[in-house]
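Presented below is the structure to which this report refers.
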Amino acid sequence: MIQLLRPPRELPYNRMVLRRDLRYCMLEGALFSLMVGLAETWFGAFYIAAGISTFQIGILATLPLLAGSLIQLATPWGIRRAGSYRVWSVIISTIQGLSLVALAVSCGLDAANFWTIFLLMVIYRASSLAMIPAWNTWMEFVIPKKIRTRYLSCRMRICQVCLLSAVCAAGLILKFLVIESVLFIFCGMFLLAGMLRIASAILLGRHTEQPQWIVDIQPAMESEKPQTPDSSIVRVILFFAAMQFAVFVSGP
């Protein structure tokens, strides 16, 4: 069992460094959203274009997420080995981008069979899920609490605009671009999406990380009594569990 020590409420921060980090964070989120709009949103259409059967599509929609969720459990170990949220985030996001590049290559070589796609989807989902805990904890230090809600709301709006723009652009390309094989269109989309993700990884590498920000990951003392979660937290957990269950049951 592990426990993450919470960050202090406020830390001394240089204003110029803060502005730079906020710009990088905003741009990184925009690039990530463009990647999702060009690639992840269209995985289902890609499976059909690649000639994957309906049963196999159901497998691709579920098992990579399950495998990724299990691999995500190794995130605390990975952060401890890397010794840095930044290093871990850059490595994982780069791996995610490379998985899309590999998917693009498989499309270009007409080698996009079920097992190739399955392996790359496991890598893509695992890297995506392994990134979330590290990034969330890291941003608690990077973004001061007094501006966090307002800043993240603004960032989310920009990300949504980028996501919608990428989805619409990709849809128009798929509809109107006349080409011998639609897989070559997906090849270009996935290649561009992978490059965008790698570019966002470079921006993550430029974020600030100070030594005192590293949250210690320590074994919980066996003598400590487990804390009973607040009832409001239990309700939130049950709500999200039910919502996620409905989404992923209906997804395939």
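Numbers here are sequence positions counted from 1.
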Between S84 and E209, a side-chain donor and acceptor under 3.5 Å = yes
Main-chain N/O of G37 paired to W42 side chain as donor or acceptor, under 3.5 Å = yes
Taking every non-hydrogen atom, the tightest pair across A49 and V182 = CB-CG1, 3.6 Å
ask   = Can you tell me if T41 uses its side chain to pair, donor with acceptor, with the backbone of V36 under 3.5 Å?
value = yes
key: Plane angle bin for Y24 and H207 - parallel if under 30°, tilted between 30 and 60°, otherwise perpendicular   = tilted
key: Exercise: identify the closest heavy-atom pair between A193 and L38   = CB-CB, 4.1 Å
Which residues share a salt bridge (Lys or Arg N to Asp or Glu O under 4.0 Å) with R155, sequence neighbours left out = E28
task = Look only at the side chain of R197 and the backbone of M35, and say whether a donor-acceptor pair between them is shorter than 3.5 Å.
result = no
ask   = Is the number of heavy atoms from other residues, nucleotides or ligands within 6.0 Å of CZ (F184) greater than 12?
value = no
ask   = So, the side chain of R148 versus the backbone of I143: is there a donor-acceptor pair under 3.5 Å, distance only?
value = yes
note = Residue pairs passing the salt bridge (Lys or Arg N to Asp or Glu O under 4.0 Å) test with at least one member in residues 87-99, sequence neighbours excluded, are none
key: Side-chain donor/acceptor of Y151 to backbone N/O of M26, under 3.5 Å   = yes
query = Taking atom types as modelled and ignoring hydrogens, do the side chains of Q56 and Y47 form a donor-acceptor contact shorter than 3.5 angstrom?
reply = no
query = Are R150 and S153 linked by a side-chain donor-acceptor pair shorter than 3.5 Å?
reply = no
ask   = Would you say the side chains of R20 and T208 form a donor-acceptor pair under 3.5 Å?
value = yes
key: Heavy-atom pair with the smallest gap, counting every atom of A134 and I79   = CB-CD1, 3.7 Å
ask   = Just wondering, more than 12 heavy atoms not from D110 lying within 6.0 Å of its CG?
value = no
request  = Side-chain contact test, heavy atoms from C-beta onward, threshold under 4.5 Å: evaluate it for P64 versus Y124 and give yes or no.
outcome  = no
ask   = How far apart are the closest heavy atoms of Q96 and S127, and which atoms are they?
value = CB-OG, 3.2 Å
request  = Decide if atom CE of M243 counts as having more than 12 heavy atoms of other residues, nucleotides or ligands within a radius under 6.0 Å.
outcome  = yes
